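All ligand and atom numbering here is 1-based and tracks the order in the structure. All values reported here derive from a predicted model rather than from experimental measurement. One is the number of the first residue; the rest follow in order along the sequence.
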Amino acid sequence: MHASLASIWWGLMAMFTNNVKVPVAQKPNILLILADDLGWNDVGWNNPEIKTPNLDRLASNGVILNASYALSTCSPSRTALLTGRYPFKLGLQHGVVKKGKPYGLPLNITLLPQKLKHLGYSTHAIGKWHLGFCRWEYTPTFRGFDSFYGFYSGSEDYYKRKTAAIRGYDFRMNTKVFKPKIKKYSTLDYGRRAVKIIQAHKRTEPLFLYMPFQAVHSPLQVPKSFEFKYRNIVDRNRRIFSGMVSAMDSAIGMTIKALKQRNMLTNTMIVFLSDNGGTPFFGGNNWPLRGSKATLWEGGTRVPSFVWGKMLLQKAGYTSNEMIHAVDWFPTLVSLAGGTPEKDVDGVDQWQMLSQRQPSRRKEFVYGINSITGRAAIRRGKYKLIEGTAGHYSGWYPAPSSRVVKMKRMKQLNKRHVNSTLLYNIQVDPIESNDLSAKYPHLTQFMLRRLNRYKAQEVEAFNPRKERYSQPKFWGGNWSPGWC
Ligand SMILES: *[C@@H]1O[C@H](CO)[C@@H](O)[C@H](O)[C@H]1NC(C)=O
Ligand SMILES: *[C@@H]1O[C@H](CO)[C@@H](O)[C@H](O)[C@H]1NC(C)=O
Ligand SMILES: *[C@@H]1O[C@H](CO)[C@@H](O)[C@H](O)[C@H]1NC(C)=O
């Protein structure tokens, strides 16, 4: 649709469907919140022990997406979310973009912020990038974002903004190295940054705010006041981790309040999801789902998620068990903004499902394909087929709540090695406890054939050696573009 026609259409839609005066030409604001390593059992609506009042309120007044899938690690999930394409088609299927590796998300692919920018949006990113930074062209402000406040790599100290293994400072305001005067806790700092952006926003333009939080990825760090909320939890990792979740909830609370104060909230579409499952040995938890982050089990890929949109969702206040995948957000949000997604994306527009409680347009998806590790999995309807090893931590890990559980021991107990072709019925067996491959050999063969069709589309994964010249010591102590 032509941009101006789209805006008129939006104005009319808003008037007819809601009977409320909305300035014509007002496309919905989009707030896309991506948590990092937040597991299934790490949010209030799946686990009452976790205190996420702001998220709970939005989730219960929106639509809880109970069958929302992402990739099993950071960079591949961000790829899917911002491009609508499976990472195995772009070379991003093998692990994450590690510090010092000279590659990034290919530059000839259009990202969500570029599309939304083109459709008249102000576009801002706050938090963790992790899609490559060896060259300026790979970084957020060169890829559709008007502003960026955050870090380029995958993890760092929440206060010092420094990376651990190879020491380096990684924090920027747009392209400039930025050193806050006080070493503030990143999660809350990101909330304050969102408030500033919202306060300064010109309301004649729609806003796209992408908030990929650092939280709740390791290292385990949180201000004492948040840890104190969980003083009943004996396990130290779990206690700090839970505090980190609540700090993120608090930052989201600030953001929502600012939108409300500026009368922008009612016309805002909020999407919340985690980039992958939790890491049990770093305090995260996916119970009762099987496995961990970086595995193709449900615990690594089925993520806490919801949508909220006061004026935008015609039906809300329920839990949806319809299937949705991270690749679907690109076409869904581009269409919502009045644009046309590229024909060859893997995602499908799920607006009917989200706004009107229609069935999902998705019957099938790929959990991951990686010919380097020989690991792959596919879902079709209620069945899931896993080929090769699903990943290292293949057990079920209960939350070490108020009881003392020696995580180290649990890690050993559950470090099983599974390497075969497995078939599960996720509808009746969401915890993947009953392999059906021997019982249904024909179905297994059928699923393998479906998987092979996708495998034929895999491109070679980026897997370069680390570039020595990437090291911060060559760049004034900062992780900085310029070495590829
Ligand atoms: C969410 O999914 C889980 C796992 O499949 C299922 O046990 C639970 O009943 C679902 N929740 C709702 C409210 O449908
Ligand atoms: C991007 O470039 C790659 C490598 O040159 C090419 O194979 C691919 O088709 C291009 N993709 C698009 C969407 O242009
Ligand atoms: C898994 O099994 C296959 C087939 O037996 C074998 O080729 C592969 O090396 C095994 N992978 C691992 C990681 O053990």
Side-chain angles (χ1 to χ4, degrees), residues 39-48 50 56 59-70 79-80 82-93 102-112 114-115 118 131-132 135 137-138 143-144 272-274 277-278 285-291 297-307 315-325 327 330-331 334 340-347 353-354 357 359-360 365 367 379 381-384 396 398 424-434 456-464 484:
W40 178 264
N41 201 28
D42 296 334
V43 290
W45 60 94
N46 284 339
N47 177 1
I50 300 291
D56 290 0
S60 63
N61 292 317
V63 179
I64 293 175
L65 301 173
N66 199 31
S68 171
Y69 288 86
T79 299
L82 296 187
T83 68
R85 294 163 197 266
Y86 287 130
F88 73 83
K89 293 189 183 177
L90 300 175
L92 269 293
Q93 67 271 44
Y103 73 100
L105 182 55
L107 296 170
N108 62 350
I109 302 297
T110 309
L111 303 197
L112 181 61
Q114 289 171 313
K115 294 291 275 192
H118 194 69
L131 286 170
R135 182 156 22 128
E137 285 83 348
Y138 285 115
R143 305 208 77 173
F272 176 88
L273 74 161
S274 180
N285 201 263
N286 308 309
W287 183 265
L289 302 182
R290 186 172 185 177
W297 299 111
E298 295 292 288
T301 54
R302 188 171 179 175
V303 293
S305 182
F306 68 81
V307 285
K315 299 204 170 99
Y318 68 98
T319 296
S320 167
N321 285 300
E322 294 294 317
M323 203 188 274
I324 184 163
H325 189 275
V327 289
F330 179 93
V334 168
T340 313
E342 283 72 8
K343 291 257 176 323
D344 59 345
V345 296
D346 297 299
M353 170 200 147
L354 298 170
R357 212 172 176 169
S360 171
F365 69 86
Y367 285 83
R379 174 75 164 269
K382 53 193 175 188
Y383 292 105
K384 171 178 183 179
W396 293 266
Y424 296 100
N425 178 339
I426 297 298
Q427 204 171 71
V428 301
D429 181 24
I431 66 165
E432 298 165 286
S433 60
N434 185 18
Q457 299 171 49
E458 185 187 10
V459 305
E460 196 184 340
F462 292 106
N463 192 19
C484 74

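A donor-acceptor pair is defined here as one N or O able to donate and one able to accept, closer than 3.5 Å; such a pair exists between the side chain of Ser360 and the backbone of Met323. Although no hydrogens or angles enter the test, the distance criterion places a donor-acceptor pair under 3.5 Å between the side chain of Asn47 and the main chain of Asn41. Ser274 contributes no side-chain N or O that, together with a main-chain N or O of Gly39, makes up a donor-acceptor pair within less than 3.5 Å.
Using 4.0 Å as the threshold, Gln427 has no heavy atom nearer than that to any atom of ligand 1.
Ligand 1 has an N or O atom lying under 3.5 Å from an N or O atom of Arg302, backbone or side chain.
Inspection of the Tyr367 and Glu298 side chains reveals an N or O donor paired with an N or O acceptor under 3.5 Å.
In summary, the atoms of ligand 1 found under 4.0 Å from a heavy atom of Pro430, numbered by their order in the structure, are 4 (C), 5 (O). Atoms of ligand 1 lying under 4.0 Å from at least one heavy atom of Asn66, given by number and element, are 1 (C), 2 (O), 3 (C), 8 (C), 10 (C), 11 (N), 12 (C), 14 (O).
Among all heavy-atom pairs drawn from Gly347 and Pro331, the shortest one is C-CG, 3.4 Å.
Residue contacts with ligand 1 for Glu298 are absent, since no atom lies close enough (heavy atoms, distance under 4.0 Å). The proximity of Asn321 to ligand 1, defined as any non-hydrogen pair under 4.0 Å, is limited to the side chain.
Taking a heavy-atom cut-off of under 4.0 Å, ligand 2 is surrounded by Asn108, Ile109.
Remark: Lys115 engages Glu342 in a salt bridge, criterion side-chain N to carboxylate O under 4.0 Å. Between Glu322 and Arg357 no salt bridge is recorded (no basic side-chain N to carboxylate O distance below 4.0 Å).
You'll find the ring centres of His325 and Phe365 inside the 6.0 Å limit. You'll find the ring centres of Tyr383 and Tyr424 outside the 6.0 Å limit.
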